[in-house]
Amino acid sequence: MIRRFALSTLFLFALLAAPFGAAAQGPPVEFEELTMIFELNETDGDAEVVMFAQAPEGMTQLTVFGPKGAKRIDLRARGGRDDVGQAEVLLESAEPSVGAVKKAFPEGEYTFMARTVTGQRVAGVVTLSHALLPAPSFSPRDEEVDPDHVVVSWSPVPGAAAYQVEIEQDEIGANLTVTVGPDVSSLEIPPGFLEPGTEYEIGVATITPGGNVAVAESSFTTTD
């Protein structure tokens, strides 16, 4: 789901001059990785926006401007000095409702700007879309299964770029997340991964070509 975005607009460079001032060194460089995606949980009926930014070196400041130039996020290291910084930042919005998330993060271009521990400026632009595909129907769900013979299968969704399967059990700290290509419609769980007599949460998601995610969730229980 990670994509690279080239710097493209004079507006971006005009914005760069104000927040960073004379302390910044040299022209801006690109983020190593930069994404902004929309995720929908069809089962719970909620959504979120997920942002990921990775810089060439530690960041001491990260600012995000929305489609109309309004400052949406402004993160800064506490204190006057930080010799380490943050190599990458992952941000997830709250999930009040689908409509509220879409209103807070409308579709369009978002400008990301950062400053690193050496004063280097980092900049990039991503385009957020709300476009989704339906989550696939899948099995097993709400049933008992043999822990050593579990195959997760799902119905293909036309236009999907990939599918993601996640199985987790928080009490024992188990988590398995696998992303597969659009031509795959089943996944065999390795024998020995699942504990007998245990309930697991399962989610199967559809990923669009732009990286947006729609997931359906359920659970299953392994036999003793």
Side-chain angles (χ1 to χ4, degrees), residues 1-41 44-132 164 205 207-208 210-215:
M1 293 190 288
I2 299 295
R3 296 178 296 165
R4 295 182 182 273
F5 296 84
L7 308 185
S8 59
T9 65
L10 292 175
F11 173 68
L12 168 62
F13 293 101
L15 282 174
L16 278 169
F20 298 113
Q25 299 176 1
V29 298
E30 294 186 33
F31 286 93
E32 291 190 344
E33 303 289 353
L34 185 62
T35 60
M36 187 173 186
I37 63 171
F38 184 71
E39 294 190 0
L40 173 68
N41 186 317
D44 293 341
D46 55 36
E48 65 180 354
V49 170
V50 180
M51 294 161 274
F52 178 79
Q54 183 181 49
E57 59 183 2
M59 294 177 282
T60 59
Q61 180 179 344
L62 176 66
T63 307
V64 181
F65 291 87
K68 295 183 179 180
K71 185 183 294 186
R72 297 309 315 272
I73 294 170
D74 191 7
L75 303 177
R76 299 168 186 262
R78 292 193 299 175
R81 184 173 179 81
D82 185 342
D83 294 327
V84 178
Q86 302 297 313
E88 57 188 48
V89 175
L90 174 65
L91 299 171
E92 298 183 9
S93 71
E95 305 171 2
S97 69
V98 175
V101 173
K102 287 184 175 181
K103 183 178 180 180
F105 294 93
E107 293 183 310
E109 286 191 348
Y110 287 75
T111 301
F112 285 66
M113 296 182 291
R115 184 169 63 188
T116 72
V117 292
T118 63
Q120 175 67 60
R121 293 176 295 179
V122 188
V125 175
V126 295
T127 301
L128 176 66
S129 168
H130 298 157
L132 292 167
Q164 188 172 78
I207 303 174
T208 70
N212 289 346
V213 176
V215 61

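- What you find for Ala47 and Val98 is that their closest heavy atoms are CB-CG2, 4.0 Å.
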Q.
Let's go through Met59 and Val89 carefully: what are the C-alpha distance in whole Å and the side-chain angles of both, what is the deciding distance for side chain to side chain contact (heavy atoms under 4.5 Å, CB included) to 0.1 Å, and is it a yes or a no?
A. CA-CA 9 Å; Met59 294 177 282; Val89 175; 3.8 Å; yes
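- The minimum heavy-atom distance linking Val29 with Pro56 is given by the pair CG2-CG, 4.1 Å.
- In this structure a side-chain-to-backbone donor-acceptor pair under 3.5 Å is present from Gln120 to Pro27.
- Side-chain atoms of Leu62 and Phe31, non-hydrogen and from C-beta on, do get closer than 4.5 Å to each other.
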Q: Tell me, with the steps shown, if Met36 and Phe112 meet side chain to side chain contact (heavy atoms under 4.5 Å, CB included).
A: CA-CA 10 Å; Met36 187 173 186; Phe112 285 66; 4.2 Å; yes
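- Distance alone, capped at 3.5 Å, is enough to place a donor-acceptor pair between the Ser93 side chain and the Val49 backbone.
- Looking at heavy atoms from C-beta onward, Leu90 lies in side-chain contact with Val50 at the 4.5 angstrom threshold.
- Atoms CD1 and CD1, from Ile37 and Ile207 in turn, are 8.0 Å apart once rounded to the nearest 0.5 Å.
- Residues Ala123 and Pro28 share a closest heavy-atom pair of CB-CB, 4.2 Å.
- When every heavy atom of Val213 is checked against every heavy atom of Leu132, the shortest pair comes out as O-CD2, 3.5 Å.
- Between Glu39 and Val215 the shortest side-chain heavy-atom distance does not fall below 4.5 Å.
- Between Ala55 and Val122, the shortest heavy-atom contact is CB-CG2, 4.4 Å.
- Within the model, atoms OG1 of Thr63 and CZ of Arg76 stand 5.5 Å from one another, a figure rounded to the nearest 0.5 Å.
- To the nearest 0.5 angstrom, Asp46 atom CG is 7.5 Å from Leu40 atom CG.
- Relative orientation of the Phe38 and His130 rings is tilted, given thresholds of 30° and 60° on the angle between their planes.
- Counting heavy atoms from C-beta outward, Gln86 and Leu75 have side chains that stay 4.5 Å or more apart.
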Q. Given Thr127 and Glu109, is the side chain to side chain contact (heavy atoms under 4.5 Å, CB included) satisfied, shown in steps?
A. CA-CA 4 Å; Thr127 301; Glu109 286 191 348; 3.7 Å; yes
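- Rounded to the nearest 0.5 Å, atoms CZ (Phe105) and CD1 (Ile73) are 5.0 Å apart.
- Annotation for Val101 and Glu95: closest pair CG2-CA, 4.5 Å, computed over non-hydrogen atoms.
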Q: Report the C-alpha separation of Gln61 and Asp74 in whole Å, then their side-chain angles, then the decisive distance to 0.1 Å, and conclude whether the side chain to side chain contact (heavy atoms under 4.5 Å, CB included) test is met.
A: CA-CA 7 Å; Gln61 180 179 344; Asp74 191 7; 4.0 Å; yes
